[in-house]
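Worksheet for the structure shown next.
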Amino acid sequence: MSGTMLQPFPRYAEVALPLPLPQTFSYGVPERLLRAEPGFRARVRFGPRSLIGCVTEIRDEAPRLPDGATLHPLGSLLDGEPVLTPSQVRLARWIADYYIAAPGLVCRAMMPPETPREDRIIYRRTQGAGTPSKLGLRLLEALDRPMTAKALARAMGRKSVSGALATLQRMGYVVGHRDIHGHVGATRQIAQITEAGRAALAEEKLHPATARVLTLLSVANEAVPVAAIRYEAGIKSGGPFGRLARKGLIELTREPMRQSPWERLRMARSEDSRAVELTPYQTEAIAAIVAAARLGRFSPMVLRGVTGSGKTEVYLRAAEEVVRAGRAVLLLVPEISLTPRLAALLHGRFGERVAILHSALGSAERRDEWWRIRNGQAGIVVGARSAVLAPVENLGLVVVDEEHESSYKQEEAPRYNARDVAIVRANEDGAVVVLGSATPSLESYTHAVEGRYRLVVLPERIGNRSLASVELVDMKEVVREQGPETIISRPLETAIEARLAEREQAMVLLNRRGYAGQLLCRQCGLALTCNECSLAMTLHRRATLAVCHLCGLGRALPERCEMCRGEYLRHVGYGTERVEELMKERFPDSRVARMDRDTMRRKGSHEALLTRFAAKEIDILVGTQMLAKGHDFPAVTLVGVLAADNALGAPDFRAAERTFQLLTQVAGRAGRGDRPGKVLIQTFTPDHYSLEFARSQDFEGFYESERKFRSALLYPPVVRLLNLVFEGSTMAEATREARRAATFLKTQELESLRVLGPAFAVRSKIRNRYRCQLLLKLTRSSHGRVRALVRTLLNDESIARSMTVDVDPLTLA
Ligand code: ADP
Ligand code: ZN
């Protein structure tokens, strides 16, 4: 058959392939596969390869192909019915279009999670829908008690039953759980660094991957699951671990799997809050949500409720009403592992109708939850960012809790902001979307102020409790009185002492992990910098190990400056590790613990620590912004914040907003019980407006000031941003592509588009790749046209190779 002849297919399919390419690909639908619809998985030929993609569109007309291209047929379909729902397919297309993301990567992120090794899963029968096949019925009969697929096959006298099992699972008749109590495969591999390993880190000539593994283990200072290290160090194969163990640099052992959050949810003594009497403000907020949900029209809402105003109860009651009316609920939270109590509350109210989706689940659990949602068995879906892609249909209510949180933004492909996608989903299903926060983002609040979103306010704490009183401690004065090296001011020290005497608890927040900020040469002023990145290294482990926070590379400290050979090197700045040490020295009789990324590498360690803190087994909890996240500990009456102005110097127009949010949120942790709370904020810039408004906990005031600043300098929400990052093996190479792109964009003479740059990216080198950026400022009305221009740029091969597109960026690279 000639390639140029129009091929006689009855229909044509667009298929999204799991490749980082901005387009879908056309295939013919042969007669035997006419059941193909959007949402089906299909095997297709792509060049010499065979790939599994997702059908996104079916058409009657033949596509126009480039000259000489051949139209291939779909090879086969993997499923009997579409895996993705129609609304998921529409959502995937919207995300791919708006975020200029690869449609195949978006579809892949929506697909059911893959099956883990079969022998680890125990299957049991449940309630399903539809008529199983004959084989299916026999299988269900044989499955008279929970068993593995292997045992089941043996019982039925067959070699394998995996096909029939998968079908029954999809129909809801069978669920599989990872066996965590039994003996089959219920362990995981963990690694710990040895003395020899620490010594090896001091040598210069380690392979970077090896150095990253050893650094991570050295900083964690405890056994860490190998899976977690591989994830964080970006190592694909398991090879290096065996090699390191044979060399005696690490020790590999196995430990029993811990209970997953899912398992706990099902076993937890669930908490029931149905008896609490609502406050008038809560009643009003719930009524507003429920009334809007009844209309069945898209209604976006901002719920601004001060910390401790009972927002969670509002979500739960509104969800209950919506579920009663037969519609589904999607509840997004920044990080479930930080809010285990939410799971207990949901379970208490909705039991098995809740599905939880998040990264801490084992793959079998995640797949089960996915199919329970897809089958309509779970009408309430709770999860972090990626849950916004879940196959839930007929949404009546979408809640985005702590909507200002930057963790809703996915910073790798496909890049999207789950908060904004949530709004699109609600719009699609005619649902209410509630954006809840004590400190809404400038973007969302502007929509409310300008009347596009409804504003509902919970102005008071529950039980007439007052907000914590906040004082700023001027560190300029402290330094004058206590000396330049002072980390903990006397007022803070005295306050902690007083709380300990009363057997109350304190939190100390510092938004920098590690021991010291960096290592500086007194002679030439040079800071010790990562070999592969453009960042000064942070000192960890009592300043014996320098670690790059961009790439994870670590090394022993040099004895002399690497530039001028000077011998006087000094630490500047301090991190949480140092503060923990100081607290232990200063308050030797109290129990001090630390919560930051370094101490929380194990899954479940958050919960273990928070449980101990709740049980008052810890007096002082030191940590990074993890401390600020929605916790409800009634015995915390004091919060200390160190170096509050740390982030203000960051080259980011959101620095003031982030600082205000962090300070207000952490202040919200104090005084949630019967005793009033107090917050002491140490700062060198007490006059800065974000600190001043954080002190008075005046969101409106902050909003007004910040809004003016954004208008004056043309930043969101006044304009939209689109960031183009260019990478190359030299800066010249990166800049060359950026210049070509800039020239193209500037010659379009689009009046509503400003092109800033090329400029060095803030992180101008990561892992030996040099980076520069073009920042585009545009208006809402020109968004579509600018996206089309950026797509045109992607047609240029050498630009496409080096360019990453970030629509509505939250950080400027
Ligand atoms: P927010 O998320 O607004 O900071 P929470 O939802 O955590 O606040 O609520 C703060 C505390 O008040 C929680 O312990 C919650 O159980 C409790 N609470 C909420 N509503 C009520 C109510 N109407 N009566 C008594 N306690 C309540
Ligand atoms: Zn680095």
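We count ligands from 1, going down the list as the structure has it; atoms in each ligand are counted the same way. The shown structure was predicted, so the numbers you read here are calculated from the model rather than taken from an experiment.
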* ligand 1 atoms in contact with S309 (distance to a heavy atom under 4.0 Å) -> 1 (P), 3 (O), 8 (O)

* Asked: When you look for heavy atoms under 4.0 Å from ligand 1, do you find them on the side chain of E277, its backbone, both, or neither?
  -> backbone

* To do: Mark yes when over 12 heavy atoms from residues, nucleotides or ligands other than F633 sit less than 6.0 Å from its CZ; otherwise mark no.
  => yes

* To do: Could you check which of I462, V306, T307 puts a non-hydrogen atom nearest to atom 26 (N) of ligand 1?
  => I462

* Asked: Which part of T312 is near ligand 1, with near meaning a heavy atom under 4.0 Å away: side chain, backbone, both or neither?
  -> both

* When you draw lines from the Zn ion (ligand 2) to SG of C551 and to SG of C548, what angle lies between them, to the nearest 10°? -> 110°

* To do: Answer yes when E313 and R317 have at least one side-chain N-carboxylate O distance shorter than 4.0 Å, and no when they do not.
  => yes

* Asked: More than 12 heavy atoms of other residues, nucleotides or ligands under 6.0 Å from OH of Y574: is that the case?
  -> yes

* Asked: Could an N or O of ligand 1 be found under 3.5 Å from any N or O of G310, whether backbone or side chain?
  -> yes

* Any N/O pair R672/ligand 1 closer than 3.5 Å -> yes

* So, are E532 and R767 salt-bridged, with charged N and O less than 4.0 Å apart? -> no

* Salt bridge or not for R419 and E402, using N-O below 4.0 Å? -> no

* Asked: Taking it one step at a time, do T307 and Q665 satisfy side chain to side chain contact (heavy atoms under 4.5 Å, CB included)?
  -> CA-CA 7 Å; T307 54; Q665 293 289 347; 4.1 Å; yes

* State if G308 counts as touching ligand 1 under the rule of any non-hydrogen atom under 4.0 Å. => yes

* **L812 vs Q773, side chain to side chain contact (heavy atoms under 4.5 Å, CB included): CA-CA, chis, key distance, verdict** => CA-CA 9 Å; L812 295 187; Q773 67 187 21; 4.2 Å; yes

* Is there an N/O/S atom in C533 that lies less than 2.8 Å from the Zn ion (ligand 2)? -> yes

